[in-house]
Amino acid sequence: MDLKEALFKYCLRLGDNNLILSHRLSEWCSNGPTLEEDVALTNIALDKLGQARFFLQYAAEIEGKGRTEDDLAYLRYEHEFFNTKLVELPRGDFAFTIVRELINDLFDLFFYEKLLHSKDEKLAGIAAKALKEVKYHVRHASSWIIRLGDGTEESHRRSQNAINELWPYTGELFMMDDVDKTLIDAGIGVDLASIKPLWDSKMKEILTEATLQMPEAGWMQNPSKFNGVHTEHLGYILAEMQYLPRAYPGAKW
């Protein structure tokens with residue numbers, strides 16, 4: 001695999017992950033448990049959409065075939081998306097959303113801190129911008145998980161159920177293939193094995209404070225980011241997200 005192909009796929013993975021999670025978070029708009037939380041989740045969704053745009057813009061530039069960020073977001077099919085299964089799962093209840101946020105945001109925090117040192121100036125620049133937002137996202141998710149876990153019997157039960165349900169999807173965050181190896185060797189990509197201990201340690205610290213149990217290591221889901229094989233949920237997301245651009249090609253706001 002040459003460097004250009006690896007970098008294109010790398011940017012698609014990062015862009016797709018942010019794009020799909022942004023869509024899931026946007027489903028809370030007007031449905032938040034409080035007005036303040038409704039606004040917070042919507043703003044986080046917008047932050048992730050902005051990060052998705054940066055990565056997909058760069059992917060289109062690397063590909064050099066005339067496609068744009070919009071083409072990559074709205075005119076690809078399900079098997080051409082390389083986000084993790086974690087982000088495409090239905091939004092669930094509020095505890096499920098917060099636990100998924102904590103899992104993903106902690107990963108993003110340590111990932112972007114490493115990506116800051118990439119030899120690719122554009123990736124390093126995107127990481128610098130995203131890191132400011134992700135630090136807030138981590139504070140938001142961790143403060144909520146502590147309130148929910150150490151709150152009522154009901155909030156504790158729902159939070160622990162969400163952790164147990166989502167845990168098999170955490171392994172795909174740290175799995176690597178030839179794309180990662182090619183970019184790590186070039187000083188561009190992030191060695192995900194280097195951030196796993198950091199993620200484990202911080203996750204355990206937060207869950208302990210929340211009086212929640214961190215599951216033992218066990219069976220993990222196969223990663224969608226390698227082969228584009230997703231859960232049945234992604235197709236429904238794309239059908240909703242892509243309807244307008246496909247029905248009215250070239251439509252503008």
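A salt bridge is defined here as a Lys NZ or Arg NE, NH1 or NH2 lying under 4.0 Å from an Asp or Glu carboxylate O, and K196 with D200 meets this definition. A salt bridge is absent between D105 and R100; no separation between the charged side-chain nitrogens and carboxylate oxygens falls under 4.0 Å. Electrostatic pairing of R157 and E153 does not count as a salt bridge here, judged by no charged N lying under 4.0 Å from a carboxylate O. Taking a cutoff of 4.0 Å between a charged side-chain nitrogen and a carboxylate oxygen, D180 and K225 do not qualify as a salt bridge. Taking a cutoff of 4.0 Å between a charged side-chain nitrogen and a carboxylate oxygen, K48 and E133 do not qualify as a salt bridge.
The side-chain contact (heavy atoms from CB on, under 4.5 Å) with H140 is formed by just one residue from the set K135, E37, E101; it is E37. The only option from D185, I62, L183 that meets the side-chain contact (heavy atoms from CB on, under 4.5 Å) definition with L3 turns out to be L183. For the pairing with H156, the side-chain contact (heavy atoms from CB on, under 4.5 Å) check across L212, N161, D150 returns one residue only, L212. Checked against T84 for a side chain to side chain donor-acceptor pair (under 3.5 Å), the options T170, D16, N17 give a single hit: N17.
Smallest separation of non-hydrogen atoms from A162 and F96: CB-CA, 3.7 Å. Nearest heavy atoms, S118 versus I188: OG-O, 2.9 Å. Here the shortest heavy-atom pairing between A45 and S26 reads CB-N, 3.8 Å.
Between Y77 and H79, the ring planes lie parallel to each other; the angle is under 30°, not in the 30° to 60° tilted range.
For E209, the CD atom sits in a loose shell: 12 or fewer heavy atoms of surrounding residues, nucleotides or ligands are nearer than 6.0 Å. In this structure, R91 places its CZ atom where more than 12 heavy-atom neighbours from other residues, nucleotides or ligands lie under 6.0 Å away. Within a 6.0 Å radius of CD in E5, more than 12 heavy atoms belonging to other residues, nucleotides or ligands are found.
In this structure, E172 contributes its side chain and L86 its backbone to a donor-acceptor pair below 3.5 Å. A donor-acceptor contact shorter than 3.5 Å links the side chain of S142 to the backbone of R139. Formation of a donor-acceptor pair under 3.5 Å by the N18 side chain with backbone atoms of Q51 is not found in this model.
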CA sep, side-chain torsions, deciding dist, call: E61, K122, salt bridge (Lys or Arg N to Asp or Glu O under 4.0 Å): CA-CA 11 Å; E61 178 184 328; K122 287 204 173 182; 2.6 Å; yes
Are Q57 and E69 close enough, and set up right, to give a side chain to side chain donor-acceptor pair (under 3.5 Å), and what steps lead you there? CA-CA 5 Å; Q57 283 171 354; E69 59 182 293; 2.8 Å; yes
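Among residues two or more places apart in sequence or in another chain, the ring pair (Phe, Tyr, Trp, His ring centres under 6.0 Å) test is passed with W199 by W167, F174. Applying the ring pair (Phe, Tyr, Trp, His ring centres under 6.0 Å) rule to Y112 yields no partners; only residues at least two apart in sequence or on another chain are considered.
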